[in-house]
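Let me begin by presenting the structure, written as structure tokens, before commenting on it.
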Amino acid sequence: MQGDTRLTGVILAGGAGLRLGGRDKGLLHWRGQPLVAQVAARLRPQVGELLINCNRNRDDYKRYADRVFSDLTDVSGPLAGLHSLPETRSSLLLVTPCDTPLLPLNLGERLRLALDASPEADIAYASAAGCAHYLHAVLRRRVLAGLPDYLGSGGRSVQGWYASQHAVTVEFSGPDFLNCNTPDAFD
């Protein structure tokens, strides 16, 4: 099913899995399926193209995306994945981590609408119950042009990078941002 062609989905699965003993988090099973399968299933109807950033097990991830790509820098963290993003079909990126299998089915639409309503903003990210979910965001591709300078100055924090940009927050409710990142979360 073709989703919103104005959005390219990007699942960030390039982490080292340090909290999980080095296991590849996106491929761990939660409720009988790999996390990445569940995230991709919820993201796919929302986007025109789906990419996954992974630094290992590329063949395993290929089945869930149109394309996979790896970090092109020694910098670690989610910003390394965004910095390494290849060309995309659209100028809007719907970004999500691989470890939130219940993400909202209207995440892309709500975040995109917030950007449409705030043309000066380059980033719209989710918030729920007073917690910011910086990696659930729609970004204008153009904002990535400044990322090398931020990384080059030693910046690694997504929150810190957003603070230097024009960003808006969109409030969500419910359990949509359940984060599976500890060993007891898995089957």
Side-chain angles (χ1 to χ4, degrees), residues 1-15 25-26 34-101 103-126 133-152 155-156 158 161-162 164-168 170:
M1 177 172 133
Q2 182 76 15
D4 188 339
T5 58
R6 293 169 290 188
L7 294 171
T8 293
V10 180
I11 299 174
L12 298 172
K25 184 176 6 178
L35 277 176
V36 71
Q38 296 176 61
V39 173
R42 293 180 82 85
L43 204 58
R44 173 72 70 187
Q46 300 184 54
V47 299
E49 178 183 32
L50 183 59
L51 283 68
I52 296 177
N53 167 246
C54 60
N55 292 315
R56 53 190 168 155
N57 302 309
R58 288 175 63 100
D59 289 337
D60 293 321
Y61 282 105
K62 281 182 185 178
R63 75 177 87 187
Y64 304 110
D66 298 311
R67 294 186 282 161
V68 297
F69 68 99
S70 297
D71 293 350
L72 300 174
T73 178
D74 291 336
V75 173
S76 62
L79 293 179
L82 292 176
H83 174 64
S84 303
L85 188 70
E87 285 300 314
T88 58
R89 295 181 193 154
S90 64
S91 61
L92 293 176
L93 309 169
L94 174 54
V95 177
T96 185
C98 68
D99 59 4
T100 51
L103 64 90
L105 296 173
N106 64 348
L107 180 68
E109 177 184 23
R110 293 208 39 220
L111 294 173
R112 184 189 51 75
L113 288 172
L115 276 187
D116 289 349
S118 304
E120 74 286 354
D122 287 320
I123 301 167
Y125 64 90
H133 296 280
Y134 298 109
L135 289 179
H136 294 86
V138 168
L139 293 79
R140 296 186 201 279
R141 172 105 195 183
R142 68 183 183 215
V143 76
L144 299 181
L147 194 50
D149 290 338
Y150 179 75
L151 294 172
R156 298 295 180 266
V158 175
W161 182 55
Y162 284 9
S164 68
Q165 308 301 317
H166 292 99
V168 295
V170 178

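All values derive from a computational prediction rather than experimental measurement.
- Side chain of Thr5 to backbone of Gly48: no donor-acceptor contact under 3.5 angstrom is found.
- The backbone N or O of Arg142 sits nowhere less than 3.5 Å from a side-chain atom of Asp122 that would complete a donor-acceptor pair.
- In this structure, Asp4 contributes its side chain and Val47 its backbone to no donor-acceptor pair below 3.5 Å.
- Here the side chain of Ser90 pairs a donor or acceptor atom with the backbone of Leu92 at under 3.5 angstrom.
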Practice prompt. Apply side-chain contact (heavy atoms from CB on, under 4.5 Å) to the pair Leu85 and Leu144, showing each step before the final yes or no.
Written response: CA-CA 9 Å; Leu85 188 70; Leu144 299 181; 3.9 Å; yes

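- Using modelled atom types, one side-chain atom of Glu49 and one backbone atom of Arg89 make a donor-acceptor pair closer than 3.5 Å.
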Carefully, step by step, assess Leu139 and Val95 under the rule side-chain contact (heavy atoms from CB on, under 4.5 Å).
CA-CA 8 Å; Leu139 293 79; Val95 177; 3.6 Å; yes

Next item on the list: For the pair Leu93 and Val138, evaluate side-chain contact (heavy atoms from CB on, under 4.5 Å) and give the outcome as yes or no after the intermediate values.
Entry: CA-CA 5 Å; Leu93 309 169; Val138 168; over 6 Å; no

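- Minimum heavy-atom separation, Ala40 to Tyr64: CB-O, 3.7 Å.
- In this structure, Tyr134 and Tyr125 have tilted ring planes: the angle between them lies in the 30° to 60° band.
- For the side-chain contact (heavy atoms from CB on, under 4.5 Å) with Thr8, the lone residue among Asp66, Leu94, Thr88, Leu50 that qualifies is Thr88.
- In plain terms, the two heavy atoms of Pro86 and Phe69 that are nearest each other are CD-CG, 3.5 Å.
- Side-chain contact, Arg58 with Ser70: a donor N or O sits under 3.5 Å from an acceptor N or O.
- Tyr150 places a side-chain N or O within 3.5 Å of a backbone atom of Trp161 that can act as its donor or acceptor partner.
- Taking every heavy atom of both residues into account, Leu105 and Gln46 meet most closely at O-CD, 3.2 Å.
- By the 4.5 Å heavy-atom criterion applied to side chains, Thr96 and Val39 are counted as neighbours.
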Requested in this report: Would you check, one step at a time, whether the test side-chain contact (heavy atoms from CB on, under 4.5 Å) holds for Val143 with Tyr162?
Outcome: CA-CA 10 Å; Val143 76; Tyr162 284 9; over 6 Å; no

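- Across all their heavy atoms, Ala121 and Val168 have their closest contact at CB-CG1, 3.9 Å.
- The backbone N or O of Leu115 lies less than 3.5 Å from a partner atom in the side chain of Arg140, making a donor-acceptor pair.
- Two residues are said to be in side-chain contact when any heavy atoms from C-beta on lie closer than 4.5 Å; His83 and Pro148 meet this criterion.
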